[in-house]
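Whatever order the structure lists them in is the order used to number ligands and atoms, beginning at 1.
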Amino acid sequence: MSSSLNREERLTLKILIAEDQNISREMLVKMLANIGQIEAFATGLDALKAFEDALDKSAPFQIMISDISMPVMSGLELLKAVRASENKKKIDKQNRIRVLMFTSYADKDTIVSCYRAGCDDYAVKPFNKKVVIDKIKKFGFTIDETAELNQIDETKQKEKTMGQMVADAIEGFKKGKVDLPALPHIVQELQDLISSPNASVTDMAKIIENDTAISIKLIIAANSPFYGGVEKTKDVKMAINRLGLDVTQSIVSAIANKGLYETKSVSVKQLMEKIWMHSFATAHCAREIAKKVSSMGYEKAYVKGLIHDVGATLLIKNIGENATENTAIDINGLIEAVFEVHASFGALLLSKWNFSKDFVAVASLHEWNKYGDKTEREVLIVNLADILSCKIGYGFFSRDVGDFEDNRELSNIQSAAMLGLTNSDLKVIYEKAEKDVAESASAFAKV
Ligand SMILES: [Fe+2]
Ligand SMILES: [Fe+2]
């Protein structure tokens, strides 16, 4: 061990982290493990409690790193509470905790409010180890560079490979080097058709019949036990007549969407299956939520649930398929790298595909945890559906079933509260979705 600080001294630097997204929190903890003593919390309230306990024990934290957007207590609220507590205890300026805020959006208004509330610096996600360390140094803390360098090299190399692969894939899409799959046309065409007041079975059949593969798959799905009628469906029109326009739209969207998750790449095959089931479950949850909170548009919510993670889907698929036998794919590294960009990339894809604004909004905002009063209902519905999909065992990214082991009150989730859903409503919703996912997944297994 060398240079400026020995291990004991290094570990006297106490860092408090508040970040609700599991992946991001774990990344930060890993990043800073060698720099100080880290305590990380998923909620602002827990972080505040740890901050106060440490103050009471005269072993205060020197640095706080907080996400701005967190449910229940935002980063800004946490910052205000921390400063208020320091004021009350008459802690002088140089002994106050140094606060670094992180945001997913370079949202000027929020940043200005954070400065007003007393933050010392801010950075925009995704986290970059060098940026975080430079900011800590700027606060006036010394960091053991040699010990650090080794660690940076190791993580950086891993991050670089996965991060670089993700960046290359995004470039490929942006430059049109990658063929976009067939999803957009039929899903969007049906969406447009269904929004028009004169939509007819004939019009819908015409759109679907243009794609023979999808037509056959629709008939197979329509004849599956989940959708099964007395009379066996033989053609597209019969299927639409029996299922109705809305349900047909959902089935076709699911079929078209499912094609995106198919891959020959062995390294990401399992991951793609997992994200398909996650999207499918999110769609079912979104449909049940929509049924409870609005009088129409269930199938629209279903389609939005299906495509909410399209950015992640296409990135992972592309990376898997372009990897040569010699490229080792570090699945966790890939998930981390994709997570940070999937929402904005999904929004970009959907706008490129000429999807309407409401679709783009869902892709871009579904991971957001702090919603304003004017947020579109469908964004809230998909955000909540995404979370409920974990509750029924189909989680992806940071939201794991583990999040609910502590019996967190589901109605405390901001989107649930804004939609006016109680715990018992939510139970009915996810139980119905769980049952439907289990029963209808087989209808799509063969298509
Ligand atoms: Fe997502
Ligand atoms: Fe998701």
message = Under a 3.5 Å cutoff, is there a donor and acceptor pairing between the side chains of Ser265 and Ser267?
response =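 Present: a donor and an acceptor within the cut-off.
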key: Flag for Ser250-Tyr298: side-chain donor and acceptor within less than 3.5 Å   =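 Not at all, the side chains of Tyr298 and Ser250 share no donor-acceptor pair under 3.5 Å.
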message = Under the side chain to side chain contact (heavy atoms under 4.5 Å, CB included) test against Leu384, which residue among Cys285, Ser415, Ser389 passes?
response =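 In the set Cys285, Ser415, Ser389, the residue that makes a side chain to side chain contact (heavy atoms under 4.5 Å, CB included) with Leu384 is Ser415.
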ask   = Would you call Lys49-Asp53 a salt bridge at under 4.0 Å N-O?
value =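 Result for this pair is yes, salt bridge flagged.
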key: Metal-centred angle, NE2 of His308 through the Fe ion (ligand 2) to OD2 of Asp309, rounded to 10 degrees   =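 With the Fe ion (ligand 2) as the vertex, the angle is close to 80°.
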Where the Fe ion (ligand 2) is the vertex, angle from Asp386 OD1 to His278 NE2 to 10° =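 Seen from the Fe ion (ligand 2), NE2 and OD1 are separated by roughly 80°.
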ask   = Taking the Fe ion (ligand 1) as the vertex, what is the angle from NE2 of His342 to NE2 of His366, given to 10 degrees?
value =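 It is 100°, given to the nearest 10°.
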task = Looking only at N, O or S atoms, find the one in Glu367 nearest to the Fe ion (ligand 1) and name it.
result =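 Closest N, O or S atom of Glu367 to the Fe ion (ligand 1): OE2.
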